[in-house]
Amino acid sequence: MADITTCTDADDLADRAADWLVDAIAATPGRAAICLSGGSTPKRLYQRLARDPWRARLPWPRLHWFFGDERVVPADDPRSNQHMAREALLDQAPVPPDQVHAVPVAGLDPEAAAAAYQAALEHYYGGPALDPQRPLFDVMLLGIGPDGHTASLFPGSPALRETRRWAVAGPPGLEPFVPRVTLTFPALAASRATAFLVSGADKRAILPRVLAGEDLPAARAATVPGVRWFADKAALGEA
Ligand SMILES: O=C(O)[C@H](O)[C@@H](O)[C@H](O)[C@H](O)COP(=O)(O)O
């Protein structure tokens with residue numbers, strides 16, 4: 001049975017997810033890696049983390065920030081996940097700049113960006129092989145698209161079959177139709193704690209399909225033990 005926190009609305013979802021994240025980090029000793037989701041839903045959560053009470057409760061000097069996927073556009077492009085996260089959180093809080101590990105899209109070559117991100121992940125982790133006893137991330141935040149994608153793992157994408165690399169380039173599956181870099185299932189699964197944030201009536205059709213375990217990327221990513229769901233009533237069809 002899915003562990004779903006039913007939230008009144010997008011603001012309540014952001015409050016509850018922020019509390020969950022702060023508690024998850026408090027339970028993690030030492031350096032901690034938070035992998036941010038893109039899209040629009042998480043923005044409210046990120047804005048909350050930058051302000052009290054959550055700001056005061058986060059151990060900023062020991063936090064490292066990663067991205068579950070990125071649109072291969074300039075870092076200052078409004079479609080960039082890095083751009084959204086910096087505006088909402090990373091440039092608004094005491095985050096050491098070298099602890100933000102954005103997908104390197106500067107050259108705008110998706111394959112090169114994926115390879116560079118893979119190298120950055122391996123450098124942070126300390127090697128190229130994931131140890132199930134030692135997760136890569138401490139917190140993984142994910143969303144679901146109306147087609148059942150998560151990160152930039154879209155239905156039918158070759159990236160769904162990747163078992164070795166942690167980050168790959170891939171085609172867009174939905175707006176914005178720009179090339180993507182995405183974490184793969186092995187990387188998404190390598191997290192101590194995982195939460196899906198699902199808000200809005202446009203998720204009303206896809207959410208029950210994902211929760212039912214249909215063959216969809218978000219459903220596969222949600223098979224990790226202990227996954228949490230924060231969904232508002234609009235997405236649950238209760239509003
Ligand atoms: O780059 C992206 O778009 C995200 O990583 C993507 O996986 C997102 O989580 C879903 O598309 C849901 O997006 P919304 O939260 O905007 O509905």
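Order of listing sets the numbers, starting from 1, for every ligand and every atom in it. Just so you know, these numbers come straight off a predicted model, no measurement behind them.
No donor-acceptor contact under 3.5 angstrom links the side chains of Asp69 and Thr182, judged on distance only.
Among Lys203, His149, Arg180, Glu175, the residue whose heavy atom sits closest to atom 10 (C) of ligand 1 is His149.
Ligand 1 has an N or O atom lying under 3.5 Å from an N or O atom of Ser40, backbone or side chain.
A cation-pi geometry, defined here as NZ or CZ lying under 6.0 Å from the six-membered ring centre and within 45° of its normal, holds between Arg134 and Tyr125. Seen from the ring of Phe154, Arg180 does not count as a face-on cation partner, given the 6.0 Å and 45° thresholds.
Between Arg48 and Asp11 there is a salt bridge, since at least one side-chain N of the basic residue sits less than 4.0 Å from a carboxylate O of the acidic one. Between Arg57 and Asp52, no side-chain nitrogen of the basic residue sits less than 4.0 Å from a carboxylate oxygen of the acidic one, so the salt-bridge criterion is not met.
Nearest heavy-atom pair, Ala234 versus Arg204, reported as atom, atom and distance to 0.1 Å: O-NE, 3.1 Å. Among all heavy-atom pairs drawn from Pro176 and Arg79, the shortest one is CB-CD, 3.9 Å.
Under 4.0 Å from ligand 1, the heavy atoms of Asp69 that appear belong solely to its side chain. Looking at Leu142 against ligand 1, nothing comes within 4.0 Å, counting heavy atoms.
The closest protein non-hydrogen atom to atom 9 (O) of ligand 1 is Ser37 OG, 3.3 Å. Regarding atom 13 (O) of ligand 1, its nearest protein heavy-atom neighbour is Gly39 CA, 4.0 Å. Closest protein heavy atom to atom 3 (O) of ligand 1: Arg71 NH2, 2.9 Å. For atom 15 (O) of ligand 1, the nearest non-hydrogen atom of the protein is Thr41 OG1, 2.7 Å. For atom 12 (C) of ligand 1, the closest non-hydrogen atom on the protein side is Ile144 O, 3.4 Å. With respect to atom 4 (C) of ligand 1, the closest heavy atom belonging to the protein is Gly38 C, 3.6 Å.
A heavy-atom separation below 4.0 Å is not found between Glu70 and ligand 1. For Ala151, the heavy-atom gap to ligand 1 drops under 4.0 angstrom.
A distance of 6.0 Å or more separates the ring centres of Phe196 and Phe230.
Of all atoms in ligand 1, listed by their number and element, those nearer than 4.0 Å to a heavy atom of Gly143 are 9 (O).
Aromatic ring pairs are classed by plane angle as parallel below 30°, tilted from 30° to 60° and perpendicular above 60°; the pair Phe66 and Tyr124 is perpendicular.
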